[in-house]
2 protein chains.
Amino acid sequence: MGWGDLGAFGEPSKETPNLDQMASEGMLFLDFYTANPLCSPSRAALLTGRLPVRNGFYTTNAHARNAYTPQDIVGGIPDSELLLPELLKKAGYINKIIGKWHLGHRPQFHPLKHGFDEWFGSPNCHFGPFDNRALPNIPVYRDWEMIGRYYEDFKIDLKTGEANLTQIYLQEALDFISKQQASQQPFFLYWAIDATHAPVYASKQFLGTSQRGLYGDAVREIDDSIGKILKHLQKLGISENTFVFFTSDNGAALISAPKQGGSNGRFLCGKQTTFEGGMREPAIAWWPGHIPAGGVSHQLGNVMDLFTTSLSLAGLEPPSDRQIDGIDLLPAILQGKLIDRPIFYYRGNEMMAVRVGLYKAHYWTWSNSWEEYSKGIDFCPGQNVSGVTTHTQEEHTTLPLLFHLGRDPGEKYPLSFASDEYQRAMERISVTVQQHKATMVPGQPQLNVCDKAVMNWSPPGCEKLGKCLKPPKSDPKKCFWPH
Amino acid sequence: MGWGDLGAFGEPSKETPNLDQMASEGMLFLDFYTANPLCSPSRAALLTGRLPVRNGFYTTNAHARNAYTPQDIVGGIPDSELLLPELLKKAGYINKIIGKWHLGHRPQFHPLKHGFDEWFGSPNCHFGPFDNRALPNIPVYRDWEMIGRYYEDFKIDLKTGEANLTQIYLQEALDFISKQQASQQPFFLYWAIDATHAPVYASKQFLGTSQRGLYGDAVREIDDSIGKILKHLQKLGISENTFVFFTSDNGAALISAPKQGGSNGRFLCGKQTTFEGGMREPAIAWWPGHIPAGGVSHQLGNVMDLFTTSLSLAGLEPPSDRQIDGIDLLPAILQGKLIDRPIFYYRGNEMMAVRVGLYKAHYWTWSNSWEEYSKGIDFCPGQNVSGVTTHTQEEHTTLPLLFHLGRDPGEKYPLSFASDEYQRAMERISVTVQQHKATMVPGQPQLNVCDKAVMNWSPPGCEKLGKCLKPPKSDPKKCFWPH
């Protein structure tokens with residue numbers, strides 16, 4: 001989803017009454033970011049509280065490349081990383097992930113090996129169908145074992161867009177919450193639905209209900225489901241004891257627009273880019289009786305903060321043996337404080353940009369290559385800001401492009417290099433960047449090697465289902481990351 | 001102002017708490033339009049309920065040109081037009097205009113000759129200063145006579161942006177409302193502030209208070225003032241007997257962005273264009289006890305509807321001897337009905353586009369000429385939709401460019417001409433356009449002739465103030481309208 005996809009964030013069809021109500025009962029974050037302009041690295045950052053360049057969810061195959069975990073990826077979340085559920089266990093939490101994991105699908109990366117107690121969902125995106133068995137369809141797991149595959153046992157109709165997966169994920173969530181409430185055990189639920197990721201889908205009852213087409217149908221179903229989850233918490237009497245946060249892992253994928261792609265509001269470009277459209281996210285915190293209703297926060301936030309904030313809520317300290325990039329948002333949420341902190345915009349191994357206060361400095365710009373662009377791959381459709389949305393990698397490290405996101409949220413008017421305002425702002429930003437770079441210890445890159453042999457040919461449990469496939473011979477190669 | 005300038009419409013700084021509260025107590029219109037992509041024609045349409053091409057507020061000097069009323073304009077609102085205040089008088093209303101009139105500044109066009117009982121404000125935009133007396137500064141009137149001039153008696157500091165005009169207009173409004181309440185007389189107040197029109201200004205107390213710069217300061221002051229007006233109505237006990245509507249006369253002028261220009265949210269281009277950014281407006285209806293709080297309407301509305309709706313509220317019928325384009329919005333506002341009606345997008349004498357339901361068909365496209373564009377005049381900065389934001393006038397009358405504004409509010413992805421969807425939508429739209437064109441009787445164009453001699457050299461009252469200037473010899477010419 002993108003920043004502009006919810007009514008509360010100005011979507012012109014206003015079709016998210018439940019999320020809008022969540023905002024009116026809770027707190028809207030208008031300056032909230034993901035840690036990376038695409039999925040896997042963001043999710044790794046969310047669960048580790050650390051930038052992808054630290055936790056290994058990046059590539060060094062080429063400069064400043066977006067990388068993720070397709071099913072031929074060899075890497076995944078390293079054992080050395082401490083995930084939020086691992087830590088929450090110490091405080092007696094039961095942890096469940098419902099939906100897309102995306103931190104590696106090989107046995108050592110299984111979510112139940114990294115702190116989760118339960119899992120219902122898939123390790124990768126729901127791409128497919130791979131009907132000719134040249135590639136395996138993505139498995140759906142319950143806990144340790146697969147229980148079927150997309151397109152085979154879990155239908156997604158690519159023609160009509162019909163799939164009832166969100167309904168299944170919703171029921172899983174409601175059941176888990178009921179069970180935890182009954183057993184009086186604290187829980188962490190990571191509800192990682194994926195209906196707005198292409199191929200976009202919705203259940204029959206939502207198909208055709210949106211003014212925005214299939215993408216809007218998917219948003220409506222997610223919105224409706226979140227309303228049901230919140231009402232369930234209230235019905236069970238645990239809403240005042242449950243902290244809920246809604247956000248997304250990257251900006252709307254404009255490459256899929258308008259039929260399968262959402263909206264980043266007035267922000268520049270979309271998923272895959274380090275412009276605001278790629279990384280600024282819708283975000284709502286909800287905790288009746290604690291968070292003042294109808295609050296609006298301009299705190300610069302990041303998905304990594306959910307790691308630190310969740311630990312704080314559980315009375316735990318973040319690990320002290322490593323750099324944690326997330327901050328505890330509770331002072332911002334409960335007391336309306338504004339904590340001064342930067343936002344770093346990475347693409348692979350490169351810090352492309354940084355935001356400090358209302359200023360954003362681009363040290364590198366790149367939309368995508370001319371070669372990809374000429375094939376019709378456009379992350380900024382209808383947008384072209386000269387010298388900003390560049391199709392060659394442009395270095396600005398000696399004289400960064402500077403924008404004031406207050407009067408120019410769309411990153412259209414770089415400040416004059418000669419202005420006093422530029423000088424003053426860059427002095428402050430330079431210090432921040434120097435500190436950041438001086439103390440940066442990159443992790444071992446996990447997204448460099450791909451191998452068809454590691455695909456989901458024979459996931460655990462496949463024998464019982466008669467769904468094991470024979471893998472090809474191992475042939476590890478450098479993954480190709482064009483963007 | 002543009003559609004995207006209010007928090008309730010998704011402005012990322014959320015700095016309009018009073019207008020947002022007005023929306024939460026009233027009804028937000030998300031599909032509300034002005035009648036023209038610039039000021040004078042929109043205002044003429046608002047007060048007559050008729051398209052500018054009917055009421056004369058257009059030019060035939062060249063094809064599809066935007067025209068308005070600078071101070072050398074010879075024309076103005078014709079006597080044959082019936083203005084809202086003229087009609088409201090029949091129901092005993094006292095009518096006041098505060099702020100910019102813009103329907104002609106020559107004696108015969110004076111607002112008190114067209115139904116208003118009181119006026120405080122100016123006939124033209126607050127351009128200037130014209131210090132060398134080669135041009136007269138724009139006068140400020142109280143009722144029949146001028147009481148000073150901008151920059152001379154009513155200061156606007158172009159360096160700091162400081163001017164206390166909005167405060168003066170606010171006080172005028174509060175006083176008028178108090179007086180009417182005391183005398184128990186029904187009233188119509190047209191509060192036509194202009195602080196967000198370049199040169200943008202704000203009072204000292206608002207300067208520097210916005211994250212958005214001077215433009216945001218101006219928005220904050222307007223927002224604050226509207227909050228005070230609404231509270232005043234409540235304090236006087238007449239809020240449940242007073243219908244209030246907030247809207248704007250054209251989209252944000254992106255040519256003035258980012259320092260003096262606002263935001264059209266995700267819509268394409270801005271003021272001067274017939275893309276959504278030029279004509280879709282923020283709109284809020286407020287009438288406690290009558291309008292359900294927190295309502296959101298997708299009724300296609302237009303500033304011309306305020307004419308018809310106001311008459312309806314006053315128990316009056318619209319004139320039957322002429323075509324009225326406005327509709328009565330009360331069924332939409334009070335009963336949540338959706339009235340099927342088209343929106344026409346005119347540029348001067350040409351119907352450029354039409355919206356029917358969620359479909360918008362462009363019969364002509366033109367941003368502005370290459371010649372103007374090469375001078376840096378850009379109504380679509382950072383936006384370039386191939387074949388859509390054209391710099392030559394492109395005719396599409398045989399095969400209109402069609403957009404679905406639900407899934408593509410930004411007008412970026414024209415539907416395929418060969419698709420069934422295109423065929424079905426255009427069948428319906430063609431009928432609407434045929435009917436419209438077949439019954440169109442254009443008015444006498446008022447914006448064709450300019451003459452320096454008619455400028456505000458010696459407005460009524462200038463003698464008392466010693467502020468009369470000597471006009472040059474009359475030399476009427478065709479006005480030059482480059483866009």
Side-chain angles (χ1 to χ4, degrees), chain A residues 2-4 6-15 17 20-21 24 28 30-31 210-216 254 257-268 276 280 294 296-298 357-358 378 380-386 388-389 403-413 415, chain B residues 2-4 6-15 17 20-21 24 28 30-31 210-216 254 257-268 276 280 294 296-298 357-358 378 380-386 388-389 403-413 415:
Chain A
W3 191 94
L6 311 189
F9 286 83
E11 204 293 311
S13 302
K14 273 232 191 288
E15 294 181 337
D20 297 353
Q21 191 179 335
S24 73
L28 204 59
L30 297 170
D31 298 77
S210 167
Q211 293 181 40
R212 304 178 67 199
L214 180 57
Y215 183 89
L254 301 184
K259 295 213 171 173
Q260 306 241 334
S263 164
N264 299 312
R266 72 201 59 198
F267 297 124
L268 187 63
E276 291 297 285
R280 203 179 313 191
V296 172
S297 178
H298 286 289
L358 283 166
D378 187 356
C380 315
Q383 298 176 314
N384 175 28
V385 184
S386 182
V388 179
T389 54
F403 294 94
H404 187 286
L405 294 179
R407 50 178 198 262
D408 179 24
E411 293 166 287
K412 292 198 167 84
Y413 308 94
L415 268 74
Chain B
W3 191 93
L6 311 188
F9 286 83
E11 204 293 312
S13 302
K14 274 233 190 288
E15 294 182 336
D20 297 354
Q21 192 179 335
S24 72
L28 204 59
L30 297 169
D31 298 77
S210 167
Q211 293 182 40
R212 305 178 67 200
L214 181 58
Y215 183 89
L254 301 185
K259 295 213 170 173
Q260 306 242 333
S263 163
N264 300 312
R266 73 202 59 197
F267 297 125
L268 188 62
E276 291 298 286
R280 206 189 298 201
V296 171
S297 177
H298 285 291
L358 282 166
D378 187 356
C380 315
Q383 299 177 312
N384 175 29
V385 185
S386 183
V388 178
T389 54
F403 294 94
H404 186 288
L405 294 179
R407 52 178 196 262
D408 178 24
E411 294 167 285
K412 292 198 167 83
Y413 308 94
L415 268 75

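So you know, we letter chains A, B, ... as the sequences are listed, proteins then strands, and number each from 1.
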Engaged part of [X] at the chain A interface, taking heavy atoms whose separation is under 4.5 Å:
X	result
B:Y413	side chain
B:E411	neither
B:L28	side chain

*Work out which heavy atom in B:D408 is nearest to a heavy atom in A:P258; give both atom names and the distance.*
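Minimum heavy-atom contact is CB-CB, 4.1 Å.
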*Between B:R407 and A:R212, which heavy-atom pair has the shortest distance, and what is it?*
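What the structure gives for the nearest pair is CB-O, 3.1 Å.
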For the [atom1] atom of [X] and the [atom2] atom of [Y], what is their distance to the nearest 0.5 Å?
X	Y	atom1	atom2	value
B:Q211	A:D31	CD	CG	6.5 Å
A:E15	B:H298	CD	NE2	6.5 Å
B:S386	A:N384	OG	CG	11.5 Å

*By side chain to side chain contact (heavy atoms under 4.5 Å, CB included) - contacts of B:P12 (at least two apart)*: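 Result, side chain to side chain contact (heavy atoms under 4.5 Å, CB included) vs B:P12: A:W3, A:R266, A:F267, A:R280, A:P409.
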*For B:Q21, check side chain to side chain contact (heavy atoms under 4.5 Å, CB included) against everything at least two apart and list the hits.*
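Side chain to side chain contact (heavy atoms under 4.5 Å, CB included) check on B:Q21 returns B:S24, B:E25.
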_Segment of A:A8 engaging chain B (4.5 angstrom heavy-atom cut-off)_ = backbone
*Which answer fits A:E11, side chain, backbone, both or neither, if we ask what part of it has an atom under 4.5 Å from a heavy atom of chain B?*
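Both backbone and side chain.
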*Using a cut-off of under 4.5 Å on heavy-atom pairs, state which of B:G216, B:C380, B:G262, B:A257 scores highest against chain A.*
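Option with the top pair count is B:A257.
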*Heavy atoms only, distances under 4.5 angstrom: which of B:G7, B:G410, B:S210, B:S263 has the most pairs with chain A? Name it, please.*
B:S263
